[in-house]
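One structure is given below, encoded as structure tokens.
Below, chains carry the letters A, B, ... as their sequence lines are ordered, and counting in each starts from 1. In what follows, every heavy atom counts, from backbone to side chain, and hydrogens, waters and symmetry copies are set aside. Bear in mind that the values here come from a model prediction, so they are computed numbers and not experimental data.
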Number of protein chains: 2
Amino acid sequence: MSERRARASTVDKRNRLLDATEEIMLRDGYAAVSSRSVAARVGINPPLVHYYFATIDDLFVAVLRRRSLRNVARMAEALAAAEPLTQWWRLASDPRGSALFIELIAAANHRPALRAEVGEVAREVREMQIERLRSLLPEYGIDPEAIAPALVAAAMQGLAFGLVQDQGAGYDTATADAAAGMNRLLSRLEQRRAAAVSGS
Amino acid sequence: MSERRARASTVDKRNRLLDATEEIMLRDGYAAVSSRSVAARVGINPPLVHYYFATIDDLFVAVLRRRSLRNVARMAEALAAAEPLTQWWRLASDPRGSALFIELIAAANHRPALRAEVGEVAREVREMQIERLRSLLPEYGIDPEAIAPALVAAAMQGLAFGLVQDQGAGYDTATADAAAGMNRLLSRLEQRRAAAVSGS
DNA sequence: CCAAAGTTAGAACGATTGTTCAAACTTTTC
DNA sequence: GAAAAGTTTGAACAATCGTTCTAACTTTGG
């Protein structure tokens, strides 16, 4: 029952394949990911990609898993930080991270194996955010009855994705104004919360 | 200089090709659009698609143009309606329309010819919305200095896209709660505006 | 009715895709 | 050092893609 262990170069190569896949997704879109393109970027032969990831679906799923593990942890940290909404926004509007997730979501739309994984990550993160917002919104002076936690969470996500997408594509949709407006709104909210918390 | 006119069946066939393309995009994603798949759905031979649309890029651009012409007009109507924000939201959160635009945006990410067109439509619509919000926000009791018009516009768009995307993909991200929350918020805002306008 | 223009069918091209297979090479284990 | 397992290579497969070409067919204008 003593299983032979994988060689040191293998686990490293798996990571290099995932890195290469992410880079291709960010540069040319998920549609440009293929056994050949990934292999070329890492400097190996195309069929070898299938040695490490049996199918291209498995490759996408692995990219999602590695990325979302980091991201779920970071989101938990942000929600527990001193200025939760600001930290959340900073994480959500990170260009690289969001652009990659946008590509993964787009890819998942016609890759059932990916879709299930993306759905699970989305559900987990959203649940975490909504749960935190329940106690957080009142601290920011927002009535959860007037502005529902689920609405705030969906708006944060949608807004961040929209800005990253438009900015990345070079669309002239006043993204700078929107981002500046968001930052003003956030600092005002954080001030309000700081005052309320210190005064209680 | 008397140019021979196209036959009656031609303009009809162009529209049927665009219809088929939209249906394929909604059902299987933009990546499933090809000369063959579109031709099969219309019941003609693949090369004939290229007789009507020289390249697949031209086909996508034509789909975008036809759709956005309707959409820009509808958005202008919504912004001029009795309950502008509600009408805007109803238009933005229309599942079919938004799902199609999401596919077009995704396709544009690696089709330069499409990207320019999508960018122009996005810019035009956003400009229209922001301009309208400048006078509209105060009527809703919102200070444009506190919540920037560009931020509201981007949030509306991002929120709608996010909800349609998650709902279409079947992701369990509390979309029903968010949509219900949005409707409550909207009706409250419309009430506030109606009171302010009638009282002035 | 006939020539010109618009439309369609069919075959075919080169390129790319995911994946498989058998054979070779390399490292580990005993 | 030999056997076994892990790794890599190279060739090849069937399928799909966008697109082009030529020849045929159909409608229109005069």
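Scored by the salt bridge (Lys or Arg N to Asp or Glu O under 4.0 Å) test, B/Arg134 finds B/Glu131 as partners (sequence neighbours excluded). Remark: B/Glu120 pairs with B/Arg123 by the salt bridge (Lys or Arg N to Asp or Glu O under 4.0 Å) rule, at least two apart or across chains. Listed by chain and residue number, B/Glu117 satisfy the salt bridge (Lys or Arg N to Asp or Glu O under 4.0 Å) test with B/Arg65 (two or more places apart in sequence, or in another chain). Every residue two or more places apart in sequence or in another chain that forms a salt bridge (Lys or Arg N to Asp or Glu O under 4.0 Å) with A/Arg111 is listed here: A/Asp57.
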- line: Under a 4.0 Å heavy-atom criterion, the protein footprint on nucleotides 8-14 of chain C, written with B, S and -, is BBBBB--
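Within 4.0 Å (heavy atoms only), B/Ser34 reaches sugar-phosphate atoms of the nucleic acid but no base atom. Heavy atoms of B/Val38 sit nowhere under 4.0 angstrom from any nucleic acid atom. At the heavy-atom level, A/Val49 lies nowhere under 4.0 Å from the strands shown.
Candidate nucleotides D/dC17, D/dT20, C/dT19 were compared by shortest atom distance to the side chain of B/His50, and D/dT20 ranks first.
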Could you give the side-chain donor-acceptor pairs of residues 97-105 of chain B under 3.5 Å, partners two or more places apart or in another chain?
residue	atom	partner	partner atom	Å
B/Ser98	OG	B/Ala92	O	2.5
B/Glu103	OE1	B/Tyr30	N	2.8

Derivation and outcome, side-chain hydrogen bond (donor to acceptor under 3.5 Å, both in side chains), residues B/His50 and B/Thr55: CA-CA 6 Å; B/His50 291 284; B/Thr55 70; over 6 Å; no
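Remark: P of D/dG18 and OH of B/Tyr30 are 13 Å apart, rounded to the nearest angstrom. Here the C1' atom of nucleotide D/dC17 and the CG atom of B/Asp57 are 14 Å apart, to the nearest Å.
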